[in-house]
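Each ligand, and each atom within it, is numbered from 1 in the order the structure gives.
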Amino acid sequence: MSTIRLTAAQALVRFLAAQSVERDGVRHRFFGGCFGIFGHGNVAGVGQALLQHPDLLRYHQGRNEQAMVHAAVAYARMRNRLGALVCTSSIGPGATNMVTGAALATINRLPVLLVPGDVFAGHGPDPVLQQLEVPWAGDVSVNDAFRPVSRYFDRISRPEQVIPAALAAMRVLTSPAETGAVTLAFPQDVQAEAFDCPEELLADRTWHVPRQAPDPAALAAAVDAIRAAQRPLVIAGGGIIYAEATEQLRAFCEATGIPVGETQAGKGSLPYDHPSNLGAVGATGTFAANRFAAAADLVIGIGTRYSDFTTASKTAFQDPSVRFVNVNVAELDTAKHGGIRVTADARVALELLTEGLRGHAVDDAYRAEAKALNAEWDAEVARLYALGHEPLPAQSEVIGAVNDAAAPTDVVVCAAGAMPGDLHKLWRTRDPKGYHAEYGYSCMGYEIPGGIGVKLAAPEREVVVLVGDGSYLMMPGELVTAVQERLKLTVVLVDNHGFNSIGGLSRSLGLQGFGTQYRYVDGERPVLDGDDDPPPTLPLDLAANAASLGARAERVDTIAELREELARARDNDGVSVIVVEVDRYEGVPSYESWWDVPVAEVSELTAVQAARREYEEARRAERRFL
Ligand SMILES: Cc1ncc(C[n+]2csc(CCOP(=O)(O)OP(=O)(O)O)c2C)c(N)n1
Ligand SMILES: [Mg+2]
């Protein structure tokens, strides 16, 4: 076996650059590049390897390690998990900054390879700068914090260990069922150490991404259940989009007449105006989907994790004998709600279900009811897009203006605050990849790096980031990354002087928006909504902030001005930030739905006592599906 003398870091980088994936006979290079922030834990090892062959993995400089992972996650999602980015960090704080990103990747089931530096494997100079010292364990470093949030973790303690670690990493990253964050902690001495690397390890390698077929008995049980159902409903999750099964879903719906509610990750599974599309389902759902969910006797979950937002904290499905058919690549999800477990790729399963149901359809009245509610819901969207609220516009009007200005293939990106819930309901999605809300972790700060990742994965598309002032202030520095990468990105920054989604939640729980407004502190007095004499709001100029980071930034006061600025942003090749202030109290309502957030059982505050009574009443609708 021929070998080549390489450092462990050089071997890893060369290996990663040679990996491809293939699905349905189409082959792609898997890694599109490497984000990194260097420190003593990676500058001389991984950094040297990247510099020596810059053609292998394109290097992107990040501002914050958490944001690098967000960008990588967004990239992988945009590539339907058939592509990923590497993120390298130093040891200590650079590494732990990536832990949040790792959790986000794993929860959203999206592949990202993290290579944090680690303390000396040889333990010679211990404790090195930023080393955690655990009195009872010599083998623990801060990188052990990655274990629970990674789908695969290894620490490369000897150079030749790159071989099994890299292969295992690829197995997990390219597995539709197991994918998530993969962490290879890389001690700084090992990175720089040379070994005789087998050339075979560095050869081009293609990982076949399977389309798992369902077990025939499970499929037959699913077909029987669907045939027997009077009021079936599909819950379309992200798995449909990642499996590129949207055409198969459409064929299934058109043949059977079964309507569809969409989760956050599944939004775009059908175009918004398809007569079977009832839109968003669950806590942030439409009245159309939520009414169908409440009355469904069979829920066919496809590629969904059934998060509490999707199930409205298990209050969404109220038929006493409702049953579930769960199609998912991950067995974990197929077993939820006591469902019929169809462990399979969404595309294969939909094709087989359509075939198995040939000649079967729901009755015409049921089909017509879905079509009517699709239209009724769209009229509600049109109303909210054109509220004409004054003096400040409502957030729904901002969404309307952005949607009107967007082409069907443009991508809207968001993650936290009131925006993802409002977008889930109101965004008119016309392309399966046109809607990108990170709502598995709903991580503030994801928005701008998420936009960067989407744009890196799909440079031909226009990307619009919708971000609240709170989320913006968590990660504004990533505008610099977008500028540096010469990306075209439009950021619409919705300013309501604070954490308004939580403010609304707080008010609904009797807590008066405590701790959610951006106002000066005033002695010991808490800042509350409804205060007759509130302290002044903070003198923030977020447009000036964005401009100082290299963006073209404007503040607009009206929806008409917003429309003009959106048109200008379309002509600007760089980063545009449009700041628009909205009325904090003019939110989009929830539609026949609920979310379980427990209220204090005993309290001196009468508003909280009332909220608790309401809470106990509402919780009675919560069900266990056994
Ligand atoms: C990193 C992180 N911290 C805290 C939260 C909890 N949280 C959810 S939304 C929100 C406020 C977001 O503020 P902003 O971006 O201004 O949006 P708005 O609520 O005003 O719509 C907070 C604190 C979160 N989702 N992510
Ligand atoms: Mg806000």
Side-chain angles (χ1 to χ4, degrees), residues 64-70 73-74 96-105 107-108 149 264 283-284 307-309 384 389 392-399 402 412-427 437-451 465-479 491-509 511-519 527 529 537-538 540-543 545-546 555 577-590 595 597:
N64 173 314
E65 293 85 357
Q66 183 186 126
M68 307 191 309
V69 189
H70 293 338
V73 166
T96 50
N97 268 356
M98 297 203 295
V99 173
T100 296
L104 185 150
I107 287 168
N108 284 287
V149 292
Q264 283 278 13
T284 52
S307 80
D308 65 344
F309 265 82
L384 288 160
H389 194 268
L392 292 173
Q395 179 156 297
S396 65
E397 297 174 80
V398 171
I399 293 172
V402 174
V412 66
V413 180
C414 78
M419 193 54 81
D422 290 1
L423 279 180
H424 193 209
K425 287 177 254 203
L426 303 184
W427 189 255
E438 186 285 292
Y439 215 63
Y441 214 39
S442 187
C443 185
M444 291 171 73
Y446 174 90
E447 295 86 348
I448 293 171
V465 172
L466 281 170
V467 60
D469 50 338
S471 278
Y472 174 81
L473 286 171
M474 277 210 188
M475 219 61 99
E478 296 313 310
L479 286 175
V491 178
V492 177
L493 199 173
V494 180
D495 188 2
N496 54 25
H497 306 292
F499 305 147
N500 194 37
S501 53
I502 306 300
L505 180 63
S506 163
R507 291 191 295 277
S508 76
L509 305 177
L511 300 167
Q512 294 170 263
F514 171 49
T516 64
Q517 293 208 40
Y518 287 175
R519 290 185 183 276
V527 175
D529 287 315
T537 55
L538 302 179
L540 308 179
D541 185 342
L542 299 180
N545 175 269
R555 186 177 184 95
V577 176
I578 309 172
V579 182
V580 56
E581 191 175 343
V582 298
D583 188 322
R584 184 179 169 83
Y585 299 108
E586 193 57 32
V588 179
S590 98
W595 185 36
V597 178

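- Using a cutoff of 4.0 Å between basic side-chain nitrogens and carboxylate oxygens, Arg555 and Asp541 are not scored as salt-bridged.
- Glu478 and Asn64 share no donor-acceptor pair across their side chains, judged by distance under 3.5 Å alone.
- Checked against side-chain contact (heavy atoms from CB on, under 4.5 Å), Phe514 has the following partners two or more places apart in sequence or in another chain: Pro526, Leu528.
- The shortest distance between side-chain heavy atoms of Tyr585 and Asp529 falls below 4.5 Å.
- Only protein N, O or S atoms were considered, and those under 2.8 Å from the Mg ion (ligand 2) are Asp469 OD1, Asn496 OD1, Gly498 O.
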Which donor-acceptor pairs under 3.5 Å do side chains of residues 465-475 form with protein atoms, sequence neighbours excluded?
| unit_1 | atom_1 | unit_2 | atom_2 | d |
| --- | --- | --- | --- | --- |
| Asp469 | OD2 | His497 | N | 2.9 |
| Asp469 | OD2 | Gly498 | N | 2.7 |
| Ser471 | OG | Glu447 | OE2 | 3.0 |
| Tyr472 | OH | Asn545 | OD1 | 2.5 |

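- Side-chain contact of Gln66 with Asn97: a donor-acceptor pair under 3.5 Å is absent, judged by distance alone.
- In this structure, the ring of Tyr518 has its center less than 6.0 angstrom from the ring center of Phe499.
- By the 4.5 Å heavy-atom criterion applied to side chains, Thr100 and Cys443 are counted as neighbours.
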Show the short N or O contacts, below 3.5 Å, that ligand 1 makes with protein N or O atoms; if there are none, say 'none'.
| unit_1 | atom_1 | unit_2 | atom_2 | d |
| --- | --- | --- | --- | --- |
| ligand 1 | 15 (O) | Gly470 | N | 3.4 |
| ligand 1 | 15 (O) | Ser471 | N | 2.8 |
| ligand 1 | 15 (O) | Ser471 | OG | 3.4 |
| ligand 1 | 16 (O) | Asp469 | N | 3.3 |
| ligand 1 | 16 (O) | Asp469 | OD1 | 2.6 |
| ligand 1 | 16 (O) | Gly470 | N | 2.7 |
| ligand 1 | 16 (O) | Gly498 | O | 2.9 |
| ligand 1 | 19 (O) | Asn500 | N | 3.1 |
| ligand 1 | 19 (O) | Ser501 | N | 2.7 |
| ligand 1 | 19 (O) | Ser501 | OG | 2.7 |
| ligand 1 | 20 (O) | Asn496 | OD1 | 3.0 |
| ligand 1 | 20 (O) | Asn496 | ND2 | 2.9 |
| ligand 1 | 20 (O) | Gly498 | O | 2.9 |
| ligand 1 | 20 (O) | Asn500 | N | 2.8 |
| ligand 1 | 21 (O) | Ala418 | N | 2.9 |
| ligand 1 | 25 (N) | Ser442 | O | 2.8 |
| ligand 1 | 26 (N) | Met444 | N | 3.2 |

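- Looking at Ile448 and His70, their side chains never come closer than 4.5 Å, going by heavy atoms from C-beta outward.
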